Peer 1: 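Can you keep this structure in mind? I'll have questions shortly.
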Protein chains: 2
Amino acid sequence: MDSIKPEDRRKSSETFKEFLAQKGLRVTNQRTAIFDAVFNQEDHFTAEDLLDFSREIDRSVSRATVYRTLPILTEGGLVKEIDVGRDYKFYLANRGQKTEQAQVICLDCEKIFEIEAPFMEWYARSVAQKVGLEPVSQRLQVHARCIRLKEGGSCPNRESH
Amino acid sequence: MDSIKPEDRRKSSETFKEFLAQKGLRVTNQRTAIFDAVFNQEDHFTAEDLLDFSREIDRSVSRATVYRTLPILTEGGLVKEIDVGRDYKFYLANRGQKTEQAQVICLDCEKIFEIEAPFMEWYARSVAQKVGLEPVSQRLQVHARCIRLKEGGSCPNRESH
DNA sequence: ACTAACTTGAGAATTAATCTCACTTTTCCC
DNA sequence: GGGAAAAGTGAGATTAATTCTCAAGTTAGT
Ligand SMILES: [Mn+2]
Ligand SMILES: [Mn+2]
Ligand SMILES: [Zn+2]
Ligand SMILES: [Zn+2]
């Protein structure tokens, strides 16, 4: 449906080179492949997913380099790291969404939705204030079920949401 | 400061026996030790912590049994499981607090505070509704810093909070 | 081109959590 | 009280995401 325009991807790729240069990091084929793989994805992906995607671009990418590159991307704000309490993490290309987003995890289809949560920062601040602390970041996760599927049957993972 | 009264502990222990019986589970020394260890703790603890605490009560408790018992306690609502994104979980004796609690994690002293977060359920509902989902549970985590300690120096982990 | 510093791949290591299975313990019936 | 079946347990092996090690390959200035 809404795939990424090649021009956007190219532009992002330029940004990435600048990003690396600016941090004194070298531009390598592997890092570029990983970066491109990240921004090919519309949805959440795991490190292992990313290894596969990256290898479709550059066969030589290794698991170690994926795991080494992800922190660079997340700390640089290019990728969002999401931990919903499983024993592996999810990642998401950061295309400049709002910071006030919650994760709604459907218990029926396991899908994760990034949903705007207005005033979340303000709300978190009001909570943290109670112990004399100042928020640096906050996250809200909601585990939920389809309103429709009250009884048996799986969640319509497709267009339903 | 506010330690648990022996009578309360004994009462809880009775509740535990009923709890097990009612689920068709057997009352063993190990389970009892683990339960007592849990309710000796005021604060958050890890599975490994709990192993130590339990062994102080019954030397024979094994790691396997701690890990087997924790799900029984959490599913039974006696213990609250808390995942703040580290690679191990925390647990907390459930003494019947509000369900609307957020975790505020101090980045200076690593301490986790369970803080009341009024209207959190309502708020989560308003977010989940946007994708046609109905909340089953929700969690808000706030990473924060001491308002005072803007520059160097460690967080006064003691009475400060 | 030269080279120092950086980066990488393969596979070993780490570690929270789970699993296996021979051996106990608990329950429950007599 | 025994006795047996079912449930539970400990020790140690296993799993699996992630991190580490280090020899070999690359990058980016000179
Ligand atoms: Mn986790
Ligand atoms: Mn793990
Ligand atoms: Zn769904
Ligand atoms: Zn603190």
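Convention: sequence-line order gives letters A, B, ...; per-chain numbering from 1. Predicted model, so just to flag it, every value in this text is computed and none were measured.
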Peer 1: Do A:E110 and A:R86 meet the salt-bridge criterion of a basic N to acidic O distance under 4.0 Å?
Peer 2: yes

Peer 1: Between the main-chain N or O of B:E121 and the side-chain N or O of B:Q138, is there a donor-acceptor pair closer than 3.5 Å?
Peer 2: no

Peer 1: Inspect the contact between A:E114 and A:K98 and indicate whether a charged nitrogen and a carboxylate oxygen are less than 4.0 angstrom apart.
Peer 2: no

Peer 1: Tell me which residues in residues 17-28 of chain A lie within less than 4.0 Å of DNA chain D, going by non-hydrogen atoms.
Peer 2: A:R26, A:V27

Peer 1: Starting at the 5' end of DNA chain C and moving along, which residue's nearest nucleotide shows up first, A:N29 or B:Y91?
Peer 2: A:N29

Peer 1: Give every pair of a protein N or O atom and an N or O atom of nucleotides 22-24 of chain C that lie under 3.5 Å apart, one pair per line with the distance.
Peer 2:
none

Peer 1: When you check the gap from the basic side-chain N to the acidic O, do A:D83 and A:R139 get nearer than 4.0 Å?
Peer 2: no

Peer 1: Starting at NZ of B:K111, measure out to SG of B:C106 and round the result to the nearest 0.5 Å.
Peer 2: 9.5 Å

Peer 1: Could you check whether the rings of B:F90 and B:Y88 sit parallel, tilted or perpendicular, using 30° and 60° as the cut-offs?
Peer 2: perpendicular

Peer 1: Please round to 10 degrees the angle between the axis of the first five pairs and the axis of the last five pairs in the helix from C:dA1-D:dT30 to C:dC30-D:dG1.
Peer 2: 30°

Peer 1: Grab the two heavy atoms, one from B:C146 and one from B:D108, that are nearest each other, plus how far apart they are.
Peer 2: N-OD2, 2.9 Å

Peer 1: Measure from NZ or CZ of B:K17 to the centre of the six-membered ring of B:F19, then state whether that distance is under 6.0 Å and the direction lies within 45° of the axis.
Peer 2: no

Peer 1: B:E81: what forms a side-chain contact (heavy atoms from CB on, under 4.5 Å) with it, not counting sequence neighbours?
Peer 2: B:T74, B:K89, B:Y91

Peer 1: Please determine whether a side-chain nitrogen or oxygen atom of B:Q30 lies at a distance below 4.0 Å from atom OP1 or OP2 of D:dG8.
Peer 2: no

Peer 1: What is the distance, to the nearest angstrom, from the OH atom on A:Y88 to the P atom on D:dT15?
Peer 2: 19 Å

Peer 1: Is a side-chain N or O of A:K130 found less than 3.5 angstrom from the main chain of B:E116, in a donor-acceptor match?
Peer 2: yes

Peer 1: Hey, does the side chain of A:T32 reach the backbone of A:T28 with a donor-acceptor pair shorter than 3.5 angstrom?
Peer 2: yes

Peer 1: Grab the two heavy atoms, one from B:S62 and one from B:L51, that are nearest each other, plus how far apart they are.
Peer 2: C-CD1, 3.7 Å

Peer 1: Could you check how far CD of A:E48 sits from C1' of D:dT15, rounded to whole Å?
Peer 2: 14 Å

Peer 1: What residues in residues 60-77 of chain A put a non-hydrogen atom under 4.0 Å from any atom of DNA chain D?
Peer 2: A:R63, A:A64, A:Y67, A:R68

Peer 1: Taking all atoms of both residues into account, what is the closest heavy-atom pair of B:N94 and B:F39, and its distance?
Peer 2: O-CE2, 3.8 Å

Peer 1: Rounded to the nearest Å, what distance is computed from the CG atom of residue A:D58 to the C1' atom of nucleotide C:dT7?
Peer 2: 13 Å

Peer 1: Relative to the ring of A:F45, is the ring of A:F53 parallel (under 30°), tilted (30 to 60°) or perpendicular (over 60°)?
Peer 2: perpendicular

Peer 1: Mind listing the residues from residues 79-87 of chain A sitting with a heavy atom below 4.0 Å of DNA chain D? Number order is fine.
Peer 2: A:D87

Peer 1: Rounded to the nearest angstrom, tell me the gap between atom CZ in B:R59 and atom P in D:dA11.
Peer 2: 13 Å

Peer 1: Strictly distance-based, threshold 3.5 Å: is any side-chain N or O of A:E100 a donor or acceptor partner for the main-chain N or O of A:M120?
Peer 2: yes

Peer 1: Starting at atom CZ of A:R31, determine the distance to atom C1' of D:dT26, rounded to an integer number of angstrom.
Peer 2: 11 Å

Peer 1: Nearest-Å distance, NZ (A:K89) to C1' (D:dA16)?
Peer 2: 13 Å

Peer 1: Of all the heavy-atom pairs spanning B:D58 and B:Q30, show the shortest one and how long it is.
Peer 2: OD2-N, 4.1 Å

